[in-house]
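To find a chain, count down the sequence lines: A is the first, B the second, and so on, and within it residues start at 1.
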Amino acid sequence: MAELRALVDTVAGGAAMFARLAAEQELCVQLAPRIRLYGLRHLRDEAAAADLVQEALIILLEAARGGRIDDPEHVDRFVLGTCRNLVSRSRRDERRSKAFQGAVLPLSAAELPPAFSSLDAARVALCLGKVGAREQRVVLLTFQEDRTAEEIATELGTSPGNVRVLRHRAMASIERCLEASAT
Amino acid sequence: MNCPIPYEVLVRYWAGDVSDGETDAIEAHVFGCPACFEASSRVAALGRAIAETIPPVAIGRDIVLADARGVRHATNDIRPGVATEIWLRVGTDLLVHRLLGDLEDVERISVDIVLPDGSRLLFFGDVPFEPSAGAVLIACQRHFVERFPPDIDIVVRRTHRAGRESLATYTVRHRIG
């Protein structure tokens, strides 16, 4: 976290404009992927996660510029807290926030983390086909139909604990298959 | 550096199968740990890819879900021992090959996809099937048709309740047009 702290200090301090802008950009580059991942987990949508990245980074930069980050050593915690607040707010109020319209991030779209579309669909399908029928059904029910372990257990006539075991074994097996087929 | 969060926990996290307390603890760690961020990202990417994936040997439900996602498919009935020409037309994303056969007393099925010279292209050792459907469904996506040789034999090995095994070979000639 020392590197992030140094960046926050550069943004907050009286560094020359180019140094400050470079530090702001590097902060965004480093933290945007983490914010995006958080957004995908909680908002379950690429576009909504991209919006969260923009909003959280603008709050971060405004706070850093104003010296309002209490613990620069753990700026990641500040960003995580910001993400939680923004997601919580978006759940309370589905209307899009207007507060950030017109705000400009020192980051181009190309510098934001890429969408999770890089996995080769054909390879994923083939690797999915290689796990057993039961394991395959568990991961499909989990990730395609958002079914809980309890619901899947009822459908397959097994226990939730067994569903969890089948699920993570299948995921690990697919991941190994993808790695093997990439080489 | 390895991620100290067990893989199984990351899978449960992305499956939405953790408590609020566990969620908070996982996120607090992942936000500050590059190794766990990478590990969590891989699980997320795989989960999201699976959400869009049609398994190569499918059941009816998989095709219904693909249809709901806008995948345009054409279904063809294929009988064993009869070479069948199947056309992948413009505007079709997925060919569903219904390999017809009696599955009522079948407990397990494996599928071999072989080339005309007998060499194995793909093998699926334990595939999903619905006995009442009277067919094994091969979900042949456009990227398979374009990537693999067009002429294949699909060998379906069925293990019956009494332990007996039976084989059926389906010959498919893919054509793009």
Side-chain angles (χ1 to χ4, degrees), chain A residues 1 4 31 33-38 40-42 44 46 74 76-77 79-80 83-84 113 115-137 139-150 160 163-165 167-172 174-175 178, chain B residues 6-17 23-24 26-28 30-34 37-38 40-59 61-62 65-66 68-69 108-109 111 122-129 138-139 141-144 146-148:
Chain A
M1 292 301 117
L4 287 177
L31 290 166
R34 305 180 207 187
I35 301 167
R36 203 276 302 266
L37 192 67
Y38 180 94
L40 285 176
R41 171 63 172 74
H42 291 276
R44 306 170 70 84
E46 286 279 3
H74 294 109
D76 54 310
R77 293 180 191 165
V79 176
L80 175 58
C83 289
R84 284 178 175 153
F116 276 141
S117 55
S118 55
L119 288 179
D120 181 329
R123 281 172 50 219
V124 173
L126 292 176
C127 289
L128 177 65
K130 288 179 187 296
V131 301
R134 206 168 170 79
E135 288 89 338
Q136 188 182 117
R137 199 49 38 200
V139 295
L140 287 171
L141 288 169
T142 299
F143 293 105
Q144 286 195 350
E145 300 189 40
D146 291 330
R147 306 279 287 275
T148 66
E150 287 72 17
V163 166
R164 293 185 178 103
V165 171
R167 187 172 60 204
H168 80 78
R169 282 187 184 163
M171 292 288 281
I174 296 167
E175 213 173 278
L178 287 170
Chain B
Y7 186 78
E8 181 259 338
V9 173
L10 291 176
V11 171
R12 283 202 292 117
Y13 170 75
W14 282 101
D17 192 15
T23 300
D24 288 349
I26 291 166
E27 286 166 356
V30 168
F31 239 81
C33 172
F37 170 75
E38 287 302 321
S40 188
S41 295
R42 283 201 307 275
V43 176
L46 184 53
R48 292 176 68 78
I50 288 170
E52 301 289 321
T53 297
I54 307 162
V57 185
I59 59 174
R61 180 181 192 155
D62 299 319
L65 287 172
R69 295 197 299 271
R108 185 183 173 99
I109 293 179
V111 169
L122 295 167
F123 174 69
F124 304 108
D126 172 24
V127 303
F129 66 100
I138 303 294
Q141 297 178 66
R142 175 170 283 277
H143 45 61
F144 292 155
E146 291 169 345
R147 183 177 299 192
F148 292 131

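- Annotation: the span from B:F148 atom CZ to A:L126 atom CG amounts to 5.0 Å, rounded to 0.5 Å.
- Within the 4.5 angstrom heavy-atom criterion, no atom of A:C127 approaches chain B.
- Across every non-hydrogen atom of A:D76 and B:F31, the tightest pair is O-CD2, 3.5 Å.
- One finds the CD atom of A:E135 at 7.0 Å from the CG atom of B:D126 (value rounded to the nearest 0.5 Å).
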task: Go through A:D120 and B:H143 one step at a time and tell me if the side-chain contact (heavy atoms from CB on, under 4.5 Å) criterion holds.
output: CA-CA 10 Å; A:D120 181 329; B:H143 45 61; over 6 Å; no
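- For A:T142, the part lying near chain B is the side chain, with the backbone staying farther off; criterion is any non-hydrogen pair under 4.5 Å.
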task: For B:D24 and A:R84, run salt bridge (Lys or Arg N to Asp or Glu O under 4.0 Å): C-alpha distance rounded to whole Å, both residues' side-chain angles, the deciding distance at 0.1 Å, then the answer.
output: CA-CA 10 Å; B:D24 288 349; A:R84 284 178 175 153; 3.6 Å; yes
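- Among all heavy-atom pairs drawn from B:I50 and A:F143, the shortest one is CG2-CB, 4.1 Å.
- Heavy atoms of A:V165 lying under 4.5 Å from chain B are absent altogether.
- Highest contact tally toward chain A, considering only B:R147, B:E52, B:R108, is held by B:R147 [criterion: heavy-atom pairs under 4.5 Å].
- The two residues B:Y7 and A:H168 make their nearest non-hydrogen contact at CE2-O, 3.7 Å.
- Between atom CG of residue B:D62 and atom CD of residue A:Q144 there is a gap of 6.5 Å, rounded to the nearest 0.5 Å.
- Atom CG in A:L141 sits 5.0 Å away from atom CZ in B:R61 (nearest 0.5 Å).
- A heavy-atom distance below 4.5 Å is not found between the side chains of A:L128 and B:F124.
- When all heavy atoms of B:P56 and A:A125 are compared, the closest pair comes out as CD-O, 3.0 Å.
- Within the 4.5 angstrom heavy-atom criterion, atoms from both the backbone and the side chain of B:E8 approach chain A.
- For the options B:V11, B:L10, B:D17, heavy-atom pairs under 4.5 Å to chain A are most numerous at B:D17.
- Residue with the most contacts toward chain B among A:V124, A:I35, A:T148, A:L80: A:L80 (heavy-atom pairs, distance under 4.5 Å).
- When B:V43, B:V127, B:I59, B:I54 are compared by the number of non-hydrogen pairs under 4.5 Å with chain A, B:I59 comes out ahead.
- The distance from atom CG of A:L178 to atom CZ of B:R42, rounded to the nearest 0.5 Å, is 11.5 Å.
- Within the model, atoms CZ of A:R41 and OH of B:Y13 stand 5.0 Å from one another, a figure rounded to the nearest 0.5 Å.
- Of the residues considered (A:R44, A:R134, A:R137), A:R137 shows the highest number of contacts with chain B, using heavy-atom pairs under 4.5 Å.
- When heavy atoms are compared at a cutoff of 4.5 Å, B:F37 approaches chain A by way of both its backbone and its side chain.
- Contact of A:E175 with chain B is made through backbone and side chain together, with heavy-atom distances under 4.5 Å.
- With chain B as partner, the option from A:C83, A:A172, A:P160 having the largest number of non-hydrogen pairs under 4.5 angstrom is A:A172.
- Heavy-atom pairs under 4.5 Å with chain B peak, among A:R147, A:Q136, A:R169, A:E150, at A:Q136.
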